[in-house]
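Numbered from 1 within each chain, the chains take letters A, B, ... in sequence-line order.
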Number of protein chains: 2
Amino acid sequence: MTKAIHDHEEGRAQPGRVTITALSAALGLSKSTVSRALNGYPDISERTRLRVRRGAETMGYRPLSHAQAIRTGRVRALGLVVQIGDHDAQRPFLADFLAGISVAASAEGWTLTVATADSEADAVRTMEQLVEDRKADGFILPRTLSHDARVALLRARDVPFVMFGRTADPEGCAWFDMLGEEAMRDAVLHLAGLGHRRIAFVNGGTAYNYSRLRLQGYREGLAQAGLPEDLALIRGGALNTADGTRETLALLTLAEPPTAVVFAVDHAALGLYRACAGLGLAVGRDVSVISYDGVPDGAHVEPPLSSFTVDTRAAGQRLAELLIARIRGAAPETLRETARAAFADRGSAGPPRLSSEALSKRLATATT
Amino acid sequence: MTKAIHDHEEGRAQPGRVTITALSAALGLSKSTVSRALNGYPDISERTRLRVRRGAETMGYRPLSHAQAIRTGRVRALGLVVQIGDHDAQRPFLADFLAGISVAASAEGWTLTVATADSEADAVRTMEQLVEDRKADGFILPRTLSHDARVALLRARDVPFVMFGRTADPEGCAWFDMLGEEAMRDAVLHLAGLGHRRIAFVNGGTAYNYSRLRLQGYREGLAQAGLPEDLALIRGGALNTADGTRETLALLTLAEPPTAVVFAVDHAALGLYRACAGLGLAVGRDVSVISYDGVPDGAHVEPPLSSFTVDTRAAGQRLAELLIARIRGAAPETLRETARAAFADRGSAGPPRLSSEALSKRLATATT
DNA sequence: CCAATTGCCGAAACCGGTTTCGGAAATGAG
DNA sequence: CTCATTTCCGAAACCGGTTTCGGCAATTGG
């Protein structure tokens with residue numbers, strides 16, 4: 001009679017599960033002793049602790065995280081809010097990123113709660129919900145902005161988080177990041193070493209913090225190579241192939257066009273291929289290009305795109321490990337790591353066949 | 001003194017949260033009455049139920065799912081185990097798929113628990129863990145196989161699930177699926193209508209259930225167009241661009257090559273572009289192609305790939321809705337839906353410029 | 001040798017919900 | 001008007017854990 005509207009066959013405790021009560025009974029101990037033994041309280045003798053551990057092992061006892069959560073407030077879940085349509089470059093990485101997080105999380109018995117959002121404001125709202133409903137104990141923040149509303153929220157609410165990327169104000173922030181600036185610097189040095197004198201730079205989205213750093217790396221490279229900085233050769237806001245094509249055309253129609261271009265984003269670099277194809281230029285010979293990300297598509301163009309590749313899976317894994325440490329109480333200052341991107345030299349960068357002047361002349365005749 | 005090893009500042013009930021006890025006190029009712037009122041029990045008067053609803057609304061009461069779960073066994077979370085490295089085609093869809101699921105789930109106050117696996121066996125193990133730890137109340141199964149170990153597990157454990165795709169044995173299965181067979185049939189009819197007489201088919205992975213259906217659709221198209229079936233024109237196992245290039249070359253070097261090719265998978269179809277480029281053939285003129293999936297990359301080749309596009313986001317959304325209904329007790333037989341893929345005619349399929357014989361002859365001269 | 005600690009564990013309260021059970025009041029039948 | 005049903009709600013048990021509190025035994029200090 002007294003029955004919920006939506007009734008399934010559920011509701012009763014499942015038979016197989018061994019609870020802490022069953023375990024304590026089997027061991028002849030009280031629930032509280034078992035609980036404290038397993039959670040590392042100091043007022044349990046080493047002998048008992050060991051006995052409890054072994055008993056739990058053999059009986060296959062696994063505490064239900066949501067039963068623990070009711071008292072502790074922690075559900076042993078990491079949170080990730082993915083911003084959709086943010087920019088296309090994010091997508092190919094997602095599966096690998098998730099794989100890395102998932103592997104690190106499950107190694108510690110944690111899980112991953114994923115939500116999506118279609119704007120930064122929406123992301124903040126979504127995270128707020130997840131925190132409110134205690135669906136995650138902390139968050140991984142991909143694509144950190146220079147001034148990030150998500151960081152502000154989490155700081156205010158005192159929710160643990162780890163950024164994939166660094167930020168302007170490091171106060172209370174933990175992070176893992178790739179050294180994009182070093183990659184850009186090395187790209188310039190590599191091209192300069194091949195003999196290029198006019199090396200352009202096409203940056204990604206300006207709001208992202210990485211853009212600032214990569215531009216800085218490009219400049220550092222020029223300086224170390226003893227090359228002058230030409231503002232006409234620095235462009236930005238290129239996130240996808242169409243953007244890349246546009247920026248390439250703008251660069252090549254300059255009075256003194258570059259003979260090599262460094263891109264901050266692979267997908268934009270792929271646009272250079274299309275621009276060159278339209279102009280009858282050979283990539284890697286007439287125009288050289290080096291980029292950053294290591295997207296799979298880059299291997300399928302001709303010549304394959306030379307790029308600093310990021311191990312997204314490893315990044316996800318490390319981020320999850322850092323976040324778990326953070327949730328367990330480690331100070332954010334001790335949880336800051338960076339890694340280098342590996343240069344995959346695949347042939348899109350070679351010695352300049354034409355000088356800037358010759359290139360300019362050839363383009364003038366080609367387009368008329 | 002008595003303190004856990006890893007102590008953060010957490011542990012106490014957060015101040016802002018309004019519990020069911022607080023709500024019931026404010027209403028002058030008992031906890032049990034409030035609980036039953038909100039959960040639709042019939043032994044609560046309509047007047048009281050309304051009063052409770054309003055009170056909950058104004059006080060901002062939101063039950064903690066994990067507190068409910070301790071008794072009900074349900075955590076209001078959907079589960080998704082993504083198979084990594086399964087095949088590349090899956091990746092670009094992932095973000096949209098997640099977005100769809102996420103949106104439908106959060107509309108009902110549910111969340112999404114994601115894990116990854118690198119094989120089917122691993123996926124089964126992972127799902128078992130999630131069920132065991134009650135991290136998900138049910139699962140969405142992407143990429144259904146004809147004989148799926150995941151289905152066997154979930155059936156045995158009586159865990160609700162919904163498939164993205166159909167399966168050989170529909171017993172107890174709910175699903176949402178795209179009518180790939182109709183798309184393949186229509187592709188053949190479209191090409192036949194343009195004048196093509198020799199139309200090849202390159203299928204995807206044979207283990208997937210969709211492959212069986214799409215092949216069937218191709219055959220149906222031939223039959224309806226009154227064209228003979230030539231086994232030499234039917235190939236399979238092409239999942240990525242390299243596969244597609246290989247299969248295209250195999251087809252074009254036949255004594256009687258096809259003038260048009262239908263692909264079951266966009267990424268494989270992109271391989272045809274590379275094969276044609278190598279052979280000096282113009283896609284859409286010398287060789288026509290129609291494919292299936294609607295991946296973004298298809299829009300960036302020349303001419304853009306004509307493809308039956310799948311609205312992955314909508315699929316994810318519908319799947320989540322179906323799964324929630326299933327978890328709430330709806331019979332699986334009532335939760336089976338299909339949708340058509342929309343044909344995006346972008347120019348890679350045109351009337352045959354060369355006959356099969358002429359094409360063969362031209363290829364013979366080109367390669368020597 | 002006695003008092004004060006210390007080490008170790010059990011009893012019980014608690015977390016925030018759900019569900020069972022029983023009883024008072026209202027309703028209907030005779 | 002009485003008695004049997006309903007209708008509707010409260011008290012209390014319960015879910016599976018964690019944490020507080022207190023007590024007994026063994027140790028230490030003087």
Take atom CG of A/D133 and atom C1' of C/dG16, then tell me their distance rounded to the nearest Å. 14 Å
Look at all strands and tell whether B/S35 reaches a base, only sugar-phosphate, or nothing, counting heavy atoms closer than 4.0 Å. base
Could you tell me which residues satisfy side chain to side chain donor-acceptor pair (under 3.5 Å) with A/S65, sequence neighbours excluded, listed by chain and number? B/K135
Name the closest nucleotide to the B/Q68 side chain, picking from D/dC8, C/dG17, D/dT19. C/dG17
Would you list the protein and nucleotides 10-13 of chain D atom pairs, both N or O, that sit under 3.5 Å from each other?
residue: D/dG10; atom: OP2; partner: B/S30; partner atom: N; Å: 3.1
residue: D/dG10; atom: OP2; partner: B/S30; partner atom: OG; Å: 3.1
residue: D/dG10; atom: OP2; partner: B/T33; partner atom: OG1; Å: 2.4
residue: D/dG10; atom: N7; partner: B/S32; partner atom: OG; Å: 3.4
residue: D/dG10; atom: N7; partner: B/R36; partner atom: NH2; Å: 3.3
residue: D/dG10; atom: O6; partner: B/R36; partner atom: NH1; Å: 2.6
residue: D/dG10; atom: O6; partner: B/R36; partner atom: NH2; Å: 3.2
residue: D/dA11; atom: N6; partner: B/S32; partner atom: OG; Å: 3.0

Have a look at the helix from C/dC1-D/dG30 to C/dG30-D/dC1 and give the angle its two end axes make, five pairs each, rounded to 10 degrees. 40°
Mind listing the closest non-hydrogen atom pair of B/A315 and B/F97 along with its distance? C-CE1, 4.5 Å
Is it true that the side chains of B/T21 and B/S24 contain a donor and an acceptor less than 3.5 Å apart? no
For A/D148, enumerate each residue passing the salt bridge (charged side-chain N to carboxylate O under 4.0 Å, His left out) test, keeping only those at least two apart in sequence or located in another chain. A/R150
Atom OH of B/Y41 and atom C1' of D/dT7 are separated, to the nearest Å, by 17 Å
Could you list the donor-acceptor pairs under 3.5 angstrom formed between side-chain atoms of residues 121-129 of chain B and any protein atom two or more places apart in sequence or on another chain?
residue: B/D122; atom: OD2; partner: B/D118; partner atom: N; Å: 3.2
residue: B/T126; atom: OG1; partner: B/D122; partner atom: O; Å: 2.8
residue: B/E128; atom: OE2; partner: B/R157; partner atom: NH2; Å: 3.1
residue: B/Q129; atom: OE1; partner: A/R62; partner atom: NH1; Å: 3.3
residue: B/Q129; atom: OE1; partner: A/R62; partner atom: NH2; Å: 2.9

Base, sugar-phosphate, or nothing: which does B/T48 touch, judged by heavy atoms less than 4.0 Å apart? sugar-phosphate
Qualifying residues under ring-ring contact (aromatic ring centres under 6.0 Å, His included), relative to A/Y61, sequence neighbours excluded: none
